[in-house]
Number of protein chains: 2
Amino acid sequence: MDKKEQKYLESYRIQNYDVPLTSVDVVIFTIISDSIYALVNQRKNHPHKSSWALPGGFIDIKNDKSIESTAIRKLAEKTGFKTPYLEQLGATGNGQRDPRGWSVTITYFALVNSDSVNLESDCRWIKVSTEGNVDESLAFDHNKLIEDAFQRLKNKAHYTTIPLHVLPSEFTLSELQSAYEIILGGKLNKSGFRRRILKSQIIEELPGEVRQTKTRTAQLYRALENKDLHFYMREIYAK
Amino acid sequence: MDKKEQKYLESYRIQNYDVPLTSVDVVIFTIISDSIYALVNQRKNHPHKSSWALPGGFIDIKNDKSIESTAIRKLAEKTGFKTPYLEQLGATGNGQRDPRGWSVTITYFALVNSDSVNLESDCRWIKVSTEGNVDESLAFDHNKLIEDAFQRLKNKAHYTTIPLHVLPSEFTLSELQSAYEIILGGKLNKSGFRRRILKSQIIEELPGEVRQTKTRTAQLYRALENKDLHFYMREIYAK
DNA sequence: TAAATAGTGTCTGTCAGACACTATGAC
DNA sequence: GTCATAGTGTCTGACAGACACTATTTA
């Protein structure tokens, strides 16, 4: 690095520029009794104080290593758990979305199993329709962020094993099929579904372990470790 | 809005906070004589002055309506053309990528037809390998950004009509097949390819218009207007 | 026994991949 | 005529979708 660049860097002060606000928001989805839910957090500070909003906030440039660290930190701070599945959705930015000024937010979406969550008192789950809408008006443009995140989830359910991430560690094939059906918003064919999932080699049978359902017993499975999302050559279609 | 919130907003000054740098970069791909190229721009300012980098820069919060406006403006400023295809790739942010400090960049990728571009003098095309690598070291983490953008392009070529966007407005099916093959990095089967493209109804024959090639004439087609990317149920595989 | 859910077998349609073929124009 | 490229016809295999069937457990 030459001397001029050194000098430039020493005299550089971001405070001398008009910059946008930059924040990170996380859309956390789960399934509770056959419906999709997203986690919202009641705001403690202005603006939109006491409104419900997605967990999120500003990047802590002293302590966060990367944007993903910010997302993971926000998740831990506001909900107390580490997420098993986290994916960046993208960035939204304009002069209108935040009353404090031009604002950019980088949105992540996460999938969790609802049983393994201890909800903090300032958080709750809100129901998400099969089109990605929620029944109340959230702070900022967070209704839109949830909708976009849900559309991504739904799209991916057509050709990946992403719905696995809302299940507990042990599950039956019927439970997995139900997770797909809830996300996709329609019924799937049973034998075709099983064929597809088993062929993908992304889950394994737990030998001898079965779950008692209302009628007969069902074989338990678990997700194979070291296997990430599985992508299929062909999409699956609901209904 | 209540009075307290009003007061908070009036006294809010982003300069009182430690915030990251936020910029927008654009990866512009084209095909020139059977290879993929990306556009790079020689930096006029510190840091990395005179190094080659992606076209991009800071958001102008006075004039840019949204992040996408910034991307479109950067494209126009530095390359003089409006892009026909522009898609957001995502955001990258950490404390290392920019010597001025913690920095976030939102990357877009664009596809253009090389014949319709008049290259500005401080820009050039650099060749991109079938794995997304370029033969030289660019400013910041721009080598990585190009690689990620190229992987996205390649993935999408498996199940969409995205390669259409590197062709001129009139083209033959052989030219379209060649664009797919260059992006995918392998040969495709001719009759299968034609069946798939024609069935998708995303292009139309230009009646009576043919192009003279080295040997015989070939039918010309054009992309249908009002049709966006077409997504297939099944992927196409190269080689 | 009936009811309900777990799990299987098999046929069909769609479509990519392979490959052989015909058509046309330059030389 | 040959060569090269444009363009077609047809078989095959993979796999989703439909649907009928069997198996197991509770009440």
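Quick note on labels: first sequence line is chain A, next is B, and so on, each numbered from 1.
- Residues B/S174 and B/S191 both approach DNA chain D. Their nearest nucleotides, taken by heavy-atom distance, put B/S174 toward the 5′ side.
- Rounded to an integer number of Å, the gap from B/Y159 OH to C/dT14 P is 25 Å.
- The interatomic distance linking A/Y232 (OH) with C/dA16 (C1') rounds to 20 Å, in whole Å.
- Between D/dG7 and B/R194, a contact under 4.0 Å exists linking OP1 or OP2 to a side-chain N or O.
- For A/K190 and D/dT22, the NZ to P distance is 14 Å, given to the nearest whole Å.
- Checking the phosphate oxygens (OP1, OP2) of D/dT24, no side-chain nitrogen or oxygen of A/T217 falls inside 4.0 Å.
- Note on ring orientation: taking the six-membered ring where Trp is involved, the planes of B/Y159 and B/F231 are tilted (angle from 30° to 60°).
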What donor-acceptor contacts under 3.5 angstrom involve side-chain atoms of residues 180-187 of chain B, with partners at least two apart or in another chain?
residue, atom, partner, partner atom, Å
B/Y180, OH, B/T160, O, 2.8
B/E181, OE2, B/Q177, NE2, 3.0
B/E181, OE2, B/L188, N, 2.9

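- Across the protein-nucleic acid pair, A/M233 atom CE and D/dA14 atom P stand 14 Å apart, rounded to whole Å.
- B/L173 places its CG atom 6 Å from the P atom of D/dG7, with the value rounded to the nearest Å.
- Considering A/F109, A/W125, A/Y108 in turn, A/W125 is the only one that fulfils the side-chain contact (heavy atoms from CB on, under 4.5 Å) rule with A/I28.
- Residue contacts for A/Y237: at a heavy-atom cut-off of 4.0 Å it reaches the sugar-phosphate backbone alone, with no base atom in range.
- Along DNA chain D, the nucleotide closest to A/R234 and the one closest to B/N189 are compared, and the more 5′ of them pairs with B/N189.
- Of the charged side-chain nitrogens involved, none lies within less than 4.0 Å of a carboxylate oxygen, so that B/D135 and B/K127 do not count as a salt-bridged pair.
- Look at CZ on B/R195: it is 11 Å from C1' on D/dT12, rounded to the nearest Å.
- Taking atom CD1 of residue A/I236 and atom P of nucleotide D/dA18, one finds them 11 Å apart after rounding to whole Å.
- Across the protein-nucleic acid pair, B/K199 atom NZ and C/dG17 atom C1' stand 16 Å apart, rounded to whole Å.
- At a threshold of 4.0 angstrom between heavy atoms, the contacts of A/R196 are confined to the sugar-phosphate backbone, with no base atom among them.
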### Task
Report the C-alpha separation of A/R97 and A/S103 in whole Å, then their side-chain angles, then the decisive distance to 0.1 Å, and conclude whether the side-chain hydrogen bond (donor to acceptor under 3.5 Å, both in side chains) test is met.
CA-CA 7 Å; A/R97 59 183 303 281; A/S103 153; 2.6 Å; yes
